[in-house]
Structures are given as structure tokens and as C-alpha cells.
S.K.: 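This structure is in C-alpha cells; I'll ask about it shortly.
Protein chains get the first letters and strands the later ones, always in sequence-line order, with residue 1 at the start of each.
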Amino acid sequence: AQSVTQLDSHVSVSEGTPVLLRCNYSSSYSPSLFWYVQHPNKGLQLLLKYTSAATLVKGINGFEAEFKKSETSFHLTKPSAHMSDAAEYFCVVSEGYGNKLVFGAGTILRVKS
Amino acid sequence: GAGVSQSPSNKVTEKGKDVELRCDPISGHTALYWYRQRLGQGLEFLIYFQGNSAPDKSGLPSDRFSAERTGESVSTLTIQRTQQEDSAVYLCASSLDGTGIYEQYFGPGTRLTVT
């Protein structure tokens, strides 16, 4: 079975500094991986997805993630944090037929002014 | 256009009662999913509908949980004889087609509290 592990439950950065949210996955074959964001009192929104094309994936709002098969990682980065980036972020892997999503436990990003 | 909608947004029920949660997917989306999000945890897959095919019920936690979908439209998730551990946010998502890696669009969720 597929699984994802988000290595940090909370990350705190200052506005204007880089963001790194870490994710490792476990998969028996080439996975499809996603990052979703959930702002307070709002629905889940897709940030970006990897489906075996380019290993560096660019998403919305300046976020990007790099698929590294040798490290089984799919870390999310952003060069410069903005206050509006404060939210909970989920690393997600697609499992099998039907594109059922398996979610990590989430990382809460706090951005300090 | 309209996104995925769910009702009610909040539901408080007494232990042992049955509850019914509703999801209206995006028009034209053949795939529909139900997930559960317990406090402080990621989402857990519950059930998946694809067109008129038999649903994938592999994520349902017990036989107290069931779901139906009429064609490619509305879905209802029913929890019978609710227990306190059923308290969670129940999220519905739809996508163009579950046989491909299409984006899943999530509804706002129903927050269920069992007292």
C-alpha cells in the first residue's frame, strides 16, 4: 500500500524567507504525488501534482516540488514566504485504480511578520 | 461555475442516532469520493464511485457506514447508530474521471459531532 510521511507537523518561518515542507513517500511503483493546501475555514485546494513527467513541478502561488526517486522524497518549497501562505499543507499519493488519495498527516505553516 | 457542495455544513447528533450527509458534485464529473478527516489528522479515503460501476467501498470503517450515488449526480453518506469516534469532518470530492490522474475538487465538508 502507498503511504506518505510528512516529517514536520509544524513549520514556522519569517515573511520573505524560504519555505521547506518535507515529505517522504512509500510506493511499490512509480507514484503520482500531490500537494494540497487547506486555509482556515476553506476547502482543500490543489497546489501541484507530479505524474512521471518532469521531476521539478511548479504549482500555484510560487510553490514548487521536486520528485527524487532515490530519496523517495517530494519536498515542497517556496523561495519567499508571504503571510497569506499560512495554512495546513498535505502531501498526498494516489493509490491504485480510481485515483484514491492517501494523505499525510499535514504540516501547519506559520508565517511571522 | 459551481463547485462541490455539501450539506449540512454542521451536524450535531446524539450517540446511537442515524445521520445522512449529502454531496453535490461538479456537473459532468463521473468520479466521486468521500473522505473523513479526524481532528489533527490527514484525510482517510472512505468510498469511490465511478460512473455506473460498482463503488469501491474498501475504505468504509464498519458496516454502519454506507453510501449511494444516483447516476453521476448527488451522493449521500449514511452513518447508522453513530458513535463518538465518528465525530470528524466528512469531505466529498469529484473529478472528471477516476480512471485518470485528474484533479479532485473538494467540497467544504460536513462537520459531524456525536455527543
Side-chain angles (χ1 to χ4, degrees), chain A residues 1-10 21 23-27 29-54 57 59-60 67 74 76 87-108, chain B residues 2-7 9-10 23-26 29-60 67 69 88-111:
Chain A
Q2 321 271 51
S3 66
V4 288
T5 302
Q6 293 184 242
L7 300 172
D8 307 289
S9 59
H10 293 78
L21 304 184
C23 173
N24 286 108
Y25 69 90
S26 171
S27 173
Y29 51 87
S30 184
S32 294
L33 292 158
F34 311 80
W35 278 95
Y36 277 82
V37 61
Q38 187 173 37
H39 286 92
N41 301 316
K42 291 193 175 180
L44 281 160
Q45 181 182 22
L46 179 67
L47 270 182
L48 49 82
K49 69 178 180 181
Y50 166 78
T51 57
S52 75
V57 182
I60 60 172
F67 173 72
F74 190 58
L76 182 70
E88 188 163 17
Y89 293 78
F90 293 96
C91 183
V92 182
V93 64
S94 172
E95 179 170 79
Y97 174 78
N99 191 27
K100 295 169 289 188
L101 301 182
V102 177
F103 282 73
T107 297
I108 295 173
Chain B
V4 178
S5 61
Q6 292 185 245
S7 60
S9 56
N10 281 283
C23 171
D24 281 273
I26 293 172
H29 281 192
T30 65
L32 186 146
Y33 307 80
W34 283 98
Y35 295 88
R36 175 171 71 176
Q37 185 175 24
R38 288 172 159 161
L39 189 63
Q41 299 183 22
L43 277 68
E44 307 168 69
F45 164 76
L46 296 177
I47 189 168
Y48 155 61
F49 295 90
Q50 175 60 51
N52 293 315
S53 303
D56 178 345
K57 305 179 183 179
S58 59
L60 294 179
R69 187 183 186 195
V89 177
Y90 290 81
L91 289 153
C92 174
S94 72
S95 73
L96 272 173
D97 188 334
T99 62
I101 308 300
Y102 296 99
E103 178 176 356
Q104 292 186 24
Y105 294 83
F106 284 82
T110 294
R111 182 176 299 278

S.K.: Does any heavy atom of chain B fall under 4.5 Å from the side chain of A:Gln6, the backbone, both, or neither of them?
M.R.: neither
S.K.: Using non-hydrogen atoms only, which part of B:Tyr35 is less than 4.5 Å away from chain A: side chain, backbone, both, or neither?
M.R.: side chain
S.K.: Do A:Ser94 and A:Asn99 pair up side chain to side chain, a donor and an acceptor below 3.5 Å, judged on atom types alone?
M.R.: yes
S.K.: Using ring-ring contact (aromatic ring centres under 6.0 Å, His included) as the criterion, list what pairs up with B:Phe45, not counting sequence neighbours.
M.R.: none
S.K.: Under a 4.5 Å cutoff for heavy-atom pairs, which residue among A:Thr51, A:Leu44, A:Val92, A:Val4 has the most contacts with chain B?
M.R.: A:Leu44
S.K.: Name the region of B:Gln41, side chain, backbone, both or neither, that has any atom closer than 4.5 Å to a heavy atom of chain A.
M.R.: backbone
S.K.: Is B:Ser95 in contact with chain A via its backbone, its side chain, both, or neither, using a 4.5 Å heavy-atom distance?
M.R.: neither
S.K.: Where does B:Gln104 contact chain A at under 4.5 Å (heavy atoms): side chain, backbone, both or neither?
M.R.: both
S.K.: Is the ring centre of B:Tyr48 less than 6.0 Å from the ring centre of B:Tyr33?
M.R.: yes
S.K.: So, do B:His29 and B:Tyr102 have ring centers that fall under 6.0 Å from each other?
M.R.: no
S.K.: Excluding sequence neighbours, so at least two apart, what forms salt bridge (Lys or Arg N to Asp or Glu O under 4.0 Å) with A:Lys100?
M.R.: B:Asp56
